[in-house]
> 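Got a structure for you, written out below as structure tokens; questions coming shortly.
What's counted below: heavy atoms across the whole structure, side chains too, no hydrogens, waters or symmetry copies.
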Amino acid sequence: MATLTEINHIVGKAIREGMQRKNMTQQELANAVGSTQRSISSYVTGRTQPPLDILNSICKELEISMDQILLLPVYHHPSRIVSEKDEIEYISQLDGLSALKKKEFVQIVRQMRKLIK
């Protein structure tokens, strides 16, 4: 599990990249989310963690999902949350594959499902 410092740097990097993508300054982001340039600078450098309400506003402004900014894997299906240990392991294995390998993996699973039916 990542340490608090590592998480701060991950969040800071995501904010910095989002600002670059949107061509925003720290002051512009601060104005948009109701913060100060000094606070935004502190988040970007990883010195401090933004409060959840500010992080939520930053994510909305920079068009980044909270899951993305915190590098959280998405373990859900549209109709339910995945909580079974085997399902979580299956999904985490899938998450670790490249896009090409994921396609191959899905094709294999489809073939297996046909065999089981």
Side-chain angles (χ1 to χ4, degrees):
M1 183 153 189
T3 67
L4 188 58
T5 303
E6 290 170 331
I7 293 169
N8 287 358
H9 286 289
I10 290 167
V11 169
K13 181 179 179 199
I15 294 170
R16 183 173 42 258
E17 289 172 355
M19 288 173 39
Q20 289 170 346
R21 192 180 70 258
K22 303 259 309 184
N23 201 26
M24 285 183 102
T25 65
Q26 290 180 359
Q27 186 62 57
E28 290 170 331
L29 180 59
N31 293 342
V33 302
S35 187
T36 65
Q37 183 276 327
R38 182 181 221 159
S39 292
I40 298 296
S41 175
S42 183
Y43 309 149
V44 168
T45 60
R47 285 191 310 270
T48 61
Q49 233 179 48
L52 196 53
D53 61 330
I54 296 293
L55 181 59
N56 186 47
S57 296
I58 289 171
C59 288
K60 286 179 182 176
E61 186 65 33
L62 298 179
E63 298 174 357
I64 303 170
S65 78
M66 192 79 75
D67 290 346
Q68 288 174 314
I69 204 167
L70 296 174
L71 301 177
L72 297 174
V74 180
Y75 292 134
H76 67 83
H77 185 273
S79 63
R80 67 184 171 88
I81 300 295
V82 175
S83 59
E84 296 295 321
K85 186 178 177 182
D86 291 342
E87 290 177 295
I88 292 171
E89 183 176 341
Y90 170 82
I91 292 171
S92 66
Q93 291 295 322
L94 185 60
D95 285 346
L97 298 175
S98 67
L100 179 60
K101 293 292 182 186
K102 283 181 184 179
K103 287 181 182 180
E104 292 174 8
F105 186 83
V106 169
Q107 288 173 348
I108 291 168
V109 170
R110 285 184 181 143
Q111 291 171 355
M112 289 173 55
R113 288 182 70 196
K114 287 179 184 178
L115 293 172
I116 293 172
K117 286 184 180 183

> Near Asp53 CG, under 6.0 Å, is it more than 12 heavy atoms from other residues, nucleotides or ligands?
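It does: Asp53 CG has more than 12 such atoms within range.
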
> To check you understand the geometry: which heavy-atom pair defines the closest contact between Tyr43 and Pro50, and what is its length?
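Minimum heavy-atom contact is CE2-CA, 3.5 Å.
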
> Ignoring hydrogens and geometry beyond distance, is a side-chain donor-acceptor pair present between Gln26 and Gln37 at under 3.5 Å?
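On atom types as modelled, these side chains qualify, holding a pair under 3.5 Å.
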
> Does anything in residues 94-117 pair up under ring pair (Phe, Tyr, Trp, His ring centres under 6.0 Å), and if so which pairs, sequence neighbours excluded?
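Listed once each, the pairs are Tyr90-Phe105.
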
> Nearest 0.5 Å please: distance from the CG atom of Leu115 over to the CZ atom of Arg113.
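The CZ atom of Arg113 is 12.0 Å from CG of Leu115, to the nearest 0.5 Å.
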
> At what distance, to the nearest 0.5 angstrom, does CD1 of Ile54 lie from SG of Cys59?
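Reported to 0.5 Å precision, the distance equals 11.5 Å.
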
> Just jot down the side chain to side chain contact (heavy atoms under 4.5 Å, CB included) partners of Lys103, sequence neighbours excluded, or say none.
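So Lys103 forms no side chain to side chain contact (heavy atoms under 4.5 Å, CB included) with any residue.
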
> Is any side-chain heavy atom of Ile64 closer than 4.5 Å to a side-chain heavy atom of Arg21?
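They are in contact (side-chain heavy atoms under 4.5 Å apart), so the answer is yes.
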
> Can you get from Leu52 to Val33 by hopping between Ile, Leu, Val, Met, Phe, Trp and Tyr side chains that sit under 4.5 Å apart?
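Yes, Leu52 and Val33 fall within the same hydrophobic cluster.
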
> Between atom OG of Ser41 and atom CG of Leu29, what is the distance when rounded to the nearest 0.5 Å?
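With rounding to 0.5 Å, OG (Ser41) is 11.5 Å from CG (Leu29).
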
> Rounded to the nearest 0.5 Å, what separation is found between the CE atom of Met19 and the CD1 atom of Ile58?
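Answer rounded to 0.5 Å: 9.0 Å.
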
> Could you check if a side-chain atom of Gln49 sits within less than 4.5 angstrom of a side-chain atom of Ile7, using non-hydrogen atoms only?
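Side-chain contact under 4.5 Å: yes.
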
> Could you tell me whether Lys22 and Glu61 make a salt bridge, using a distance below 4.0 angstrom between a side-chain N and a carboxylate O?
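Salt bridge flag = no for Glu61 with Lys22.
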
> Can you name the side chain to side chain contact (heavy atoms under 4.5 Å, CB included) partners of Asn56, sequence neighbours left out?
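If we apply the side chain to side chain contact (heavy atoms under 4.5 Å, CB included) test to Asn56, skipping adjacent residues, the hits are Lys60, Met66.
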
> To the nearest 0.5 Å, tell me how far Thr36 OG1 sits from Ile40 CD1.
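CD1 of Ile40 is found 7.0 Å from OG1 of Thr36.
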
> Starting at CG of Leu62, measure out to CD of Gln20 and round the result to the nearest 0.5 Å.
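Interatomic distance, Leu62 CG to Gln20 CD, rounded to 0.5 Å: 11.0 Å.
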
> Would you kindly say whether Thr45 and Arg47 are connected by a side-chain donor-acceptor distance under 3.5 Å?
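Yes.
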
> Which atom names give the shortest non-hydrogen contact between Ser42 and Thr48, and what distance separates them?
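Where Ser42 meets Thr48 most closely, the heavy atoms are OG-OG1, 2.6 Å.
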
> Would you mind checking if Lys13 and Glu17 are paired as a salt bridge, meaning a charged N to carboxylate O distance below 4.0 Å?
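Looking at Lys13 together with Glu17, the answer is yes, because their closest N to O distance falls below 4.0 Å.
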
